[in-house]
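What follows is one structure encoded as structure tokens, with my remarks underneath.
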Amino acid sequence: MPPLVRVDDLRKTYRSGAVACEALKGISMRIADGELVTVMGHSGSGKSTLLHLIGGLDCPTSGSVEIGSHALHTMNEAALARFRRGNIGFVFQFFNLIDNLTVRANVELPALLSNGRSRSALRERSETLLKRLGIADQAEKHPWQLSGGQQQRVAIARALINQPTLLLVDEPTGNLDSASSETVLEILDACHSEGQTVLMVTHDPRAAARGQRVLFLHDGRIVGQTEGG
Ligand code: ADP
Ligand code: MG
């Protein structure tokens with residue numbers, strides 16, 4: 001079977017007026033189905049850009065991203081939106097939760113938008129996820145009433161609600177204390193153990209070490225990787 005994620009010579013240049021920023025300078029990588037891969041790099045190395053391109057949130061300047069049978073670089077905005085809803089779970093660095101919705105409603109929102117499931121099946125799935133992530137007792141609260149670690153767990157539950165092919169995680173420990181970081185990393189480990197394919201980007205060596213394989217990103221290029229995979 002070909003690898004689930006196939007990225008070839010991926011480049012991204014941001015332009016504002018006459019100023020160009022080459023954020024990615026030719027990235028090629030593979031992720032096998034069920035693998036947990038981490039990308040480590042300092043701030044500004046291109047981690048979020050890479051994640052956004054693999055998740056179809058933004059388009060590359062050149063190069064290709066293929067996930068399963070989907071060639072993202074050939075898709076228009078509407079096709080990408082459909083693709084994301086069906087295939088990608090995204091955990092953003094700053095959680096991006098909606099403060100005037102309850103925790104439960106935040107988690108269920110992506111499923112309502114893709115409306116494939118009955119309300120009762122959805123409620124059952126969100127309940128299962130909230131329990132698994134240890135936040136079932138927070139379900140009727142609002143995100144602003146929760147700690148950072150709890151908010152990150154809500155964001156992970158929301159990313160998992162549509163059973164994504166690929167879970168993309170941006171700096172999950174960047175804004176958390178070490179105990180909350182550990183809990184979140186254990187949750188990601190558990191997802192991986194259950195077969196979830198995960199790509200996590202981070203500047204935190206402890207988080208990166210959770211990968212079966214660690215790719216090192218420096219100024220928009222992969223400059224090395226650990227053995228394995
Ligand atoms: P990281 O997530 O590793 O901190 P980013 O992918 O956010 O790195 O950024 C990589 C480079 O691209 C940085 O130099 C950053 O300033 C630049 N960059 C990121 N997003 C934009 C944007 N929307 N417009 C212009 N430059 C950007
Ligand atoms: Mg970033």
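Ligands are counted one by one from 1 in listed order, and the atoms in each one are counted from 1 as well.
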Steps toward side chain to side chain donor-acceptor pair (under 3.5 Å) verdict (Tyr14, Thr49): CA-CA 10 Å; Tyr14 294 107; Thr49 300; 2.8 Å; yes
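- For ligand 1 and Ala23, the ligand atoms under 4.0 Å from any heavy atom of the residue are 10 (C), 11 (C), 12 (O).
- Across all non-hydrogen atoms, the minimal contact from Pro60 to Leu10 is CB-CD1, 3.5 Å.
- If you check the side chains of Glu35 and His192, you find no donor sitting under 3.5 Å from an acceptor.
- A side-chain donor-acceptor contact under 3.5 Å links Ser48 and Asp170.
- Of all protein N/O/S atoms, those lying under 2.8 Å from the Mg ion (ligand 2) come to 1.
- Annotation for Pro143 and Ile98: closest pair CG-O, 3.5 Å, computed over non-hydrogen atoms.
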Derivation and outcome, salt bridge (Lys or Arg N to Asp or Glu O under 4.0 Å), residues Lys131 and Asp137: CA-CA 8 Å; Lys131 277 193 192 130; Asp137 53 342; over 6 Å; no
Test log, rule salt bridge (Lys or Arg N to Asp or Glu O under 4.0 Å), inputs Arg6 and Asp8: CA-CA 7 Å; Arg6 305 178 300 280; Asp8 282 292; over 6 Å; no
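- Only the backbone of His42 comes within 4.0 Å of ligand 1, counting heavy atoms alone; no side-chain atom from C-beta on gets that close.
- For atom 15 (C) of ligand 1, no protein heavy-atom neighbour is present inside the 4.0 Å cut-off.
- Considering backbone and side-chain N/O atoms, Cys21 never comes within less than 3.5 Å of an N/O atom of ligand 1.
- Regarding atom 19 (C) of ligand 1, its nearest protein heavy-atom neighbour is Tyr14 CE1, 3.4 Å.
- Residue contacts with ligand 1 include Ser43, since one or more of its heavy atoms lies under 4.0 Å from the ligand.
- Between His218 and His42, the angle of the ring planes goes over 60°, which puts this pair in the perpendicular group of the 30/60° scheme.
- In terms of protein heavy-atom proximity, atom 13 (C) of ligand 1 is nearest to Gly44 O, 3.8 Å.
- At a 3.5 angstrom cut-off on N or O pairs, Gly46 counts as close to ligand 1.
- Listed for the Asn162 side chain is a donor-acceptor partner under 3.5 Å among the backbone atoms of Pro110.
- Per-residue contacts place Thr49 under 4.0 angstrom from the following atoms of ligand 1 (heavy atoms of the residue considered): 5 (P), 6 (O), 9 (O).
- A side-chain donor-acceptor contact under 3.5 Å links Glu108 and Ser126.
- Within the 3.5 Å criterion, the main-chain N or O of Asp219 finds a donor-acceptor partner in the side chain of Lys25.
- With hydrogens left out, the protein atom closest to atom 7 (O) of ligand 1 is Ser48 CB, 3.8 Å, a heavy atom.
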